[in-house]
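We're numbering straight along the sequence, starting at 1. This one's a predicted model, so the numbers in the text were calculated from it and none came from an experiment.
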Amino acid sequence: MSYSLVIRNAQIVDGTGRPAFAGDVGVQGDRIKSVGSVTSPNGARVIDAKGNVLAPGFIDIHTHYDPQLCWDRYATPTPEHGVTSIIMGNCSVTLAPVRRGDRQRVIHLFGSVEDMEGRLLEETVPFSWESFEEYLGYLKQGLGPNVGTFVGHAVLRFYVMGEAAQQRAATDAEIATMGEVLRGALRAGAFGVSFTFNHLDEQGQALPCSYADRREKLALMRIMAEEGRGMVEVAPNLLQPDVALADIDEFGALALETGVTCSLSPTLQSPSNWRGLLRRYEEWRERGAPIFTQTQTRPLDMTTRLDQGSASLAKLPTWRGVMDKALPERRRLFSDRSLRQQLEAEMIAQRSIHRVWEATSVKRAGAVANQRYIGQLLRDISEQEGRTLTDVLLDIALADELKTEFALIGYVHADVQAVAMLLDNPAVHVGSADAGAHITQFSGAGDTCYLFQKFVREEKLMSLERAVQRLTGDLARDWCITDRGFIAEGKFADLVLFDPDTIARGEERWVEDIPGGSGRYVRDAQGVECVIVNGEVLVERGRYAPVKPGRIVSCDHRPAGG
């Protein structure tokens, strides 16, 4: 048998959860041809694994690389962390379908949900498409990793209904049109439909998803059932626990009725009723509904600068309105004492957000007057000085021209035992990292490496085989990603070679590599030797090869050949 690539002397962890075993893997073209022993490479490139782990390429099910792929076809730095397939278009916002006159609206929707500057999207997204089919044609033109993309319901609804998408329920005719647009997108390779009830637009209004009634959601899910393709991703309203439970109940019932898999994101260990949410998912699964929730591996730590953006403040309309202003006007408004009373009242009214800022500390400051605050919680400063939390936050930030770095550390998803339970729960999928979004607050890339670093090696709360399974085989099976997620003959050769003793995520660092001079947080990978996509080496010891082997992946319910 001839091969194009052979990996020898590997500790193979095949994605099924079964024990690791020593062996070789032979690849021909884009497929795995043999697993076990390869005796005659016959001119193939040979990689000596030297006893390191060879696993299926990791799958990241919740990313927002849609804009970045327009200027970076590798979706850096995610592939460096062993990820060979990314799913994007989550949380109801995508870059298609879009009419020429509505592009600015799509930019605003995407920017408000994912904390991205409209200027960046204006400069980097070509919008050389209208339909989702045309958009997928654009994406296929050279990809580093494999990419699957949902159709964002907010964008789909706006495409069909225009401004009425944020005003009323759809008519029967409008629902039928949405269904046919979705059908065409699914046949072209779209991954399904995504919704959000957890975000606001740039005006502080609910997104179009909130105006859709059950018959609209049911009609779209029936299209997926008829086509045998696609799943549903949902961000429930986590700011209102009772509403979040209602969202779970609605999509649990829809999943049960249609048979279409629903994945809701995220469930994170936090001061809120996360255990109650998890139990509700488990109850629906006990009734037979194909419904899951998502979680992430790392604590939800983040750095915020008020000259950039804030995921939490974006959910408060007045704060959002100020944060959307140009910097001179933003500074002027934050200095307005009368406006501060409104800002303080708005934050207090949303208690969960107020608690987040109480638990936030001053990480880095430039002004001499601010040096005494470094390392202190805003809550403690407020109590010590007898000032409101808003006054403390804004006075410190203004002294640094809004460049002060505030850090939320160890507040959400930081209980290791609780997180380990979530990571191993069959109702939960690993993957709510948000890579590609909120880029001025944290790096969503690196969660895969962190799973092995923290929970396998340091805490010993999960086996190596189970960790691999959770990032590969479980996701490929439940998300119907055909012929990926496992090391077996005939599967696509998506592979990652790593050292189990050193695999880790690097420290978060700021880089200014975005077109136009903007910056973002990234993390480097440690201990990842080689990443292979469709049989081609994409990343080797952190360096990218000049190849683009990635393909569009879809969610196909039908058996192979069906």
Side-chain angles (χ1 to χ4, degrees), residues 64 66-67 89-118 121-122 125 127 130-132 135 150-182 185 192-221 232-240 243-244 246-247 250-251 254 264 309 311 313-325 346 350 437:
H64 295 279
D66 319 49
N90 293 278
C91 301
S92 89
V93 288
T94 45
L95 300 178
V98 57
R99 302 185 195 282
R100 180 178 295 275
D102 295 336
R103 292 172 182 175
Q104 201 63 35
R105 184 69 190 130
V106 170
I107 287 172
H108 284 313
L109 287 173
F110 208 108
S112 63
V113 173
E114 304 309 334
D115 284 330
M116 294 185 185
E117 290 187 25
L121 275 71
E122 290 168 356
V125 179
F127 286 114
E130 176 176 327
S131 71
F132 208 86
Y135 173 57
F150 287 102
V151 179
H153 177 259
V155 176
L156 171 63
R157 204 168 201 268
F158 192 81
Y159 181 76
V160 172
M161 298 177 62
E163 296 296 336
Q166 284 180 279
Q167 298 170 357
R168 59 172 173 80
T171 65
D172 289 344
E174 288 166 337
I175 291 173
T177 300
M178 278 186 257
E180 289 311 304
V181 174
L182 174 60
V193 177
S194 66
F195 296 82
T196 185
F197 306 96
N198 198 42
H199 300 89
L200 303 174
D201 71 5
E202 76 283 3
Q203 301 298 325
Q205 296 180 317
L207 266 66
C209 313
S210 296
Y211 298 86
D213 56 22
R214 188 180 192 276
R215 66 198 178 94
E216 179 178 329
K217 299 163 193 170
L218 177 61
L220 296 176
M221 291 177 67
V232 169
E233 185 270 342
V234 182
N237 186 346
L238 298 176
L239 290 177
Q240 301 180 53
V243 178
D247 290 338
E250 180 174 37
F251 282 93
L254 288 167
L264 282 70
L313 297 179
K315 300 182 187 304
L316 304 175
T318 307
W319 283 89
R320 175 77 202 196
V322 177
M323 294 290 285
D324 282 341
K325 301 295 185 184
E346 192 171 70
Q350 193 56 259

Between D115 and A314 the two heavy atoms that sit nearest each other are OD1-CB, 4.1 Å
Aromatic rings F195 and F197: how do their planes relate, parallel, tilted or perpendicular, breaks at 30° and 60°? parallel
_Counting C-beta onward and ignoring hydrogens, is there a side-chain heavy-atom pair between I107 and V125 closer than 4.5 Å?_
no
What do the steps show when you test F150 against V193 for side-chain contact (heavy atoms from CB on, under 4.5 Å), and what is the final call? CA-CA 5 Å; F150 287 102; V193 177; 5.6 Å; no
Per side-chain contact (heavy atoms from CB on, under 4.5 Å), V106 is matched among V155, V93, T94, L121 by V155
Rounded to the nearest 0.5 Å, the OG atom of S210 sits from the CG atom of L200 at a distance of 8.5 Å
State whether D201 and R105 are salt-bridged, where the test is any N-O pair (Lys NZ or Arg NE/NH1/NH2 against Asp/Glu carboxylate O) under 4.0 Å. yes
**OP:** Could you tell me whether the side chain of E250 reaches within less than 4.5 Å of the side chain of K217, counting heavy atoms only?
**Re:** yes
dist E130:CD -> R100:CZ (nearest 0.5 Å) comes out at 9.0 Å
Is there a side-chain contact between Y211 and M161, using heavy atoms and a 4.5 Å cut-off? no
**Prompt:** Is any side-chain heavy atom of L239 less than 4.5 Å from a side-chain heavy atom of Q350?
**Reply:** yes
Under the 6.0 Å and 45° cation-pi test, does R99 pair with Y159?
yes
**Asked** Passes side-chain contact (heavy atoms from CB on, under 4.5 Å), R215 versus D172? Steps please.
**Response** CA-CA 9 Å; R215 66 198 178 94; D172 289 344; 2.5 Å; yes
Classify the side-chain pair H153/E233 by whether it contains a donor and acceptor separated by less than 3.5 Å.
-> no
To the nearest 0.5 Å, atom CG of D247 lies from atom CG of L238 at 8.5 Å
In this structure, CD1 of I175 is separated from CG of L182 (nearest 0.5 Å) by 13.0 Å
With heavy-atom distances below 4.5 Å as the criterion, would you say the side chains of P97 and V151 are in contact?
yes
Distance col, row S92:OG vs L156:CG, nearest 0.5 angstrom, shows 10.5 Å
#### Entry: S112 and R320: CA distance, side-chain angles, deciding distance, side-chain contact (heavy atoms from CB on, under 4.5 Å) verdict
CA-CA 9 Å; S112 63; R320 175 77 202 196; 3.7 Å; yes
Taken to the nearest 0.5 Å, the spacing of H199 NE2 from L207 CG works out to 8.5 Å
For this session: State plainly whether the residues E346 and K315 are in salt-bridge range, i.e. N to O under 4.0 Å.
Result: no
> Are side-chain heavy atoms of F110 and L95 found at a separation under 4.5 Å?
Replying inline: yes
For A170 and E216, the nearest pair of non-hydrogen atoms, with its separation, is CB-OE1, 3.5 Å
In terms of heavy-atom contacts, S194 and G152 come closest through OG-CA, 3.6 Å
For A96 and S131 the tightest heavy-atom approach is CB-O, 4.1 Å
Item to check | Short N-O contact, R157 and E174, less than 4.0 angstrom | outcome: no
Checking side-chain contact (heavy atoms from CB on, under 4.5 Å) for the pair Q203/H108: CA distance, chi angles, key distance, verdict?
CA-CA 9 Å; Q203 301 298 325; H108 284 313; over 6 Å; no
Note: M178 and V160 closest approach over all heavy atoms is CG-CG2, 3.6 Å
Correct closest heavy-atom pair for V232 and F251 would be CG1-CE2, 4.0 Å
